Chemist: 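My questions all concern the structure below.
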Amino acid sequence: MSPHSTTRGGRAAGAAAFGAGVLAALTGAAAGHLVAALTNPASSPVLAVGTAVINLTPTPVKTWAVRTLGSADKPVLIGTVLVVTLLLAGVAGVLARRTFGAGVALLMLLVAAAGAAAVLQPAAGPLDVLPALTTAVVGLAVLAQLTRAGTQAHATAQAGPGADPATDAPAPSRRGFLLGAGAAAAVAVVLGGAGQLIVRARERVTDIALPRPRRALPALAEGLDQRYDAITPFVTPNGDFYRVDTNLTVPTVDVEGWTLTIDGDVGKKVELTFEDLTRMDVVEKDITMTCVSNEVGGELVGSARWLGVPLADVLALAGIESTEADQILSTADDGFTISTPLEVALDGRDSLVVFGMNGQPLPREHGFPVRLITPGLYGYVGGTKWLTRLTLTTYAAQEAYWTKRKWATDAPIKLSSRIDTPAALTNLDAGQTVIGGVAWAQPDGVEQVEVRIDEGEWTTAKLGPDAGVDYWRQWFLPWDAQPGTHTIAVRATNTRGEVQTEKRATPFPAGSSGIQSVVVTVS
Ligand SMILES: Nc1nc2c(c(=O)[nH]1)N[C@H]1C(S)=C(S)[C@@H](COP(=O)(O)O)O[C@H]1N2
Ligand SMILES: [Mo]
């Protein structure tokens, strides 16, 4: 055998060993994913590591990732975790060929990291270790099997002079390795696919009966979008509502067994079932929600008719007359926390414990079965999804998830307006057209929206229907567009006479400000 062929054989064997490691990790992770799908999807090894990465990422890196990757940040994160893990698993495979124990040690280290990530999640239970254990057992079995087949294949190849050069058929043990590898890959696809199907099935909301509000609101007026379809719909359909959270899988919380605990500095700790909650004084409110990460002119804003119970009523059940608390620390099913000033539950605004959204049960993405909605505060300080606990405490005593990561402790939504049409950098035909969009000013309400074209005067736009101070207003301004390049800007004024500031601020740490302007070409 020439040295050349030895190198080639060695390289092939190395590749096979690398592949064995990758397949061991992949099949193991797929089996773990399936077990997690049946118990707690968030404990799936890859997702648990991804979540740990999210939680450990420093705030500047996180803001950078959200800004650069947008809503692709989560797929990119999961992809990165997978690639890094599989590369390391490949190295484990190569090690295993030399010294099986060394390869096993590296593979188990990877699995242990995933197991630790799952078990250390704030709301983890003992079952959350199962997916990692499954991954360990399956991964080990696949690694042992493929390493043995690979080693035999290499031995056969090295016996080269005895092999028949006339036949191209792979040696039996090489075929054994390829068959084993193919089988492992197939098993990984089937198990991982089954896991995904189960997760999706669990995400479908079971049909729960929603209570009727004590006083139903009148139907909303027809929005400007009926006339100008480029303007954002007056009511955001549930399926189009922006989604922001730290979760890589949507938490699946069942109504049976769900309770809301009100504790901390209260008269007496109270625990409510879903039924208890729906038997209280149920109200409907039209409220616009916004994310602190929304850029001026951005899409992280939506409006819906929410069905729920006043937060103040829920707190009253536990008795808060003599509380020293200044914040409500709310906790989600997965342990995520949000701080809301106690004051906003009691100052008369419509802070709600919510179970219905636009006539439907809350979609799972938006917090099923129960969430908080606080008009006038960004979601991260008042919009706890998958709510399980309201703890009355002080800002000095406890810090919520984003507060620990240096976002503003308390963050009222900044007055803002957005141009929906014409879209930035488009070409329009000269002549009559319409400029339009939405503006919001929770909890004061929009008084006026003005548009400025090029260096002209601010011109008052016409407002769409009014659904209350906490709800956005659609607006439009007819425009006789003349050929050329034009810059269109918009600003809103609230009912207290405050004008949207031109001063730019980034979303971090307390929400963006500035006015949006778009450039269009008319010809
Ligand atoms: N449990 C939980 N609730 C959460 C979050 C989260 O990460 N976890 N994100 C908050 C943020 S930052 C926002 S802007 C709103 C978004 O609500 P939506 O996804 O229903 O639009 O939810 C809030 N509630
Ligand atoms: Mo947010």
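The basis for the numbers below is simple: all heavy atoms, side chains too, and nothing from hydrogens, waters or symmetry mates. None of these values were measured; they are calculated from a predicted model. In listed order, ligands and their atoms are each counted from 1.
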Chemist: Can you report which non-hydrogen protein atom sits closest to atom 21 (O) of ligand 1, along with the distance?
Modeler: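 Protein heavy atom at minimum distance: Y242 O, 2.6 Å.
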Chemist: Can you name the atoms of ligand 1, numbered from 1 with element, that are less than 4.0 Å from a heavy atom of W386?
Modeler: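 Result: 1 (N), 2 (C), 8 (N).
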Chemist: Would you sort out whether T288 and W440 count as a side chain to side chain donor-acceptor pair (under 3.5 Å), showing the intermediate values?
Modeler: CA-CA 8 Å; T288 296; W440 54 92; over 6 Å; no
Chemist: Between Q474 and D225, is there a side-chain donor-acceptor contact under 3.5 Å, judged purely by atom types and distance?
Modeler: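 Result is yes, a qualifying pair exists.
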Chemist: Hey, mind stepping through D245 and K74 against salt bridge (Lys or Arg N to Asp or Glu O under 4.0 Å) and telling me if it holds?
Modeler: CA-CA 10 Å; D245 50 59; K74 285 176 185 176; 3.2 Å; yes
Chemist: Tell me: protein heavy atom nearest atom 17 (O) of ligand 1, and distance?
Modeler: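 Result: R371 NH2, 3.1 Å.
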Chemist: Does any N or O atom in D334 lie less than 3.5 angstrom from one in ligand 1, N or O only?
Modeler: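 In fact, backbone or side chain, D334 has no N or O that close.
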Chemist: For atom 13 (C) of ligand 1, what is the nearest protein heavy atom, given as residue, atom name and distance?
Modeler: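 Checked against all protein heavy atoms, atom 13 (C) of ligand 1 sits closest to G379 CA, 3.7 Å.
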Chemist: Would you confirm whether T340, through its side chain, and V381, through its main-chain N or O, come within 3.5 Å as a donor-acceptor pair?
Modeler: yes
Chemist: Looking at T63, T57, T59, which hits side-chain contact (heavy atoms from CB on, under 4.5 Å) with V61?
Modeler: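 Running side-chain contact (heavy atoms from CB on, under 4.5 Å) over T63, T57, T59 with V61 returns exactly one hit, T57.
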Chemist: Answer yes or no: is there an ion pair linking D470 with K285, defined by an N-O contact shorter than 4.0 Å?
Modeler: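 A salt bridge is absent here (no side-chain N lies under 4.0 Å from a carboxylate O).
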Chemist: For F241, which part has a heavy atom under 4.0 Å from ligand 1: side chain, backbone, both, or neither?
Modeler: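 For F241, the contact with ligand 1 is made by the side chain alone.
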Chemist: Which of the atoms of ligand 1 are close to H366, meaning less than 4.0 Å from one of its heavy atoms?
Modeler: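 Within the 4.0 Å cut-off of H366, ligand 1 contributes 18 (P), 19 (O), 20 (O), 21 (O).
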Chemist: Can you tell which of T246, I54, N238 gets a heavy atom nearest to atom 7 (O) of ligand 1?
Modeler: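 Ranked by closest heavy atom to atom 7 (O) of ligand 1, first place is T246.
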Chemist: Regarding ligand 1, does T290 bring an N or O atom to under 3.5 Å of one of the ligand's N or O atoms?
Modeler: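 Between T290 and ligand 1, no N or O pair is found under 3.5 Å apart.
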Chemist: Is a donor from one side chain sitting under 3.5 angstrom from an acceptor on the other, for T394 and D326?
Modeler: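 The answer is no; no qualifying pair exists.
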Chemist: Give the atoms of ligand 1, by number and element, whose distance to some non-hydrogen atom of V244 is under 4.0 Å.
Modeler: 5 (C), 9 (N), 10 (C), 11 (C), 12 (S), 13 (C), 15 (C), 16 (C), 19 (O), 22 (O)
Chemist: Heavy-atom contacts under 4.0 Å between F336 and ligand 1: side chain, backbone, both, or neither?
Modeler: side chain
Chemist: What is the ring orientation for F476 with Y228, classed by angle as parallel under 30°, tilted 30 to 60°, or perpendicular over 60°?
Modeler: tilted
Chemist: Any N/O of Y380 closer than 3.5 Å to an N/O of ligand 1?
Modeler: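 Among all N and O atoms of Y380, none is under 3.5 Å from an N or O of ligand 1.
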Chemist: Give the numbers and elements of all ligand 1 atoms closer than 4.0 Å to a heavy atom of C291.
Modeler: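 So the atoms of ligand 1 that pass are 14 (S).
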Chemist: Around atom 24 (N) of ligand 1, find the nearest protein heavy atom and jot down its residue, atom name and distance.
Modeler: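 Of every protein heavy atom, G383 O, 3.0 Å lies nearest to atom 24 (N) of ligand 1.
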Chemist: What orientation do Y401 and F336 show, parallel under 30°, tilted 30 to 60°, or perpendicular over 60°?
Modeler: tilted
Chemist: Would you say R212 has more than 12 foreign heavy atoms packed within less than 6.0 Å of its CZ?
Modeler: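 Not more than 12 within 6.0 Å, no.
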Chemist: Please identify which atoms of ligand 1 are closer than 4.0 Å to at least one heavy atom of A332.
Modeler: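 The list of qualifying atoms is 1 (N).
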Chemist: N/O of K385 under 3.5 Å from N/O of ligand 1, yes or no?
Modeler: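 Yes; the residue has a nitrogen or oxygen that sits under 3.5 Å from a nitrogen or oxygen of the ligand.
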Chemist: Assess whether atom CD of E222 is packed by more than 12 heavy atoms of other residues, nucleotides or ligands within 6.0 Å.
Modeler: no
Chemist: For D245, counting its heavy atoms only, list the atoms of ligand 1 lying under 4.0 Å from any of them.
Modeler: 5 (C), 6 (C), 7 (O), 8 (N), 9 (N)
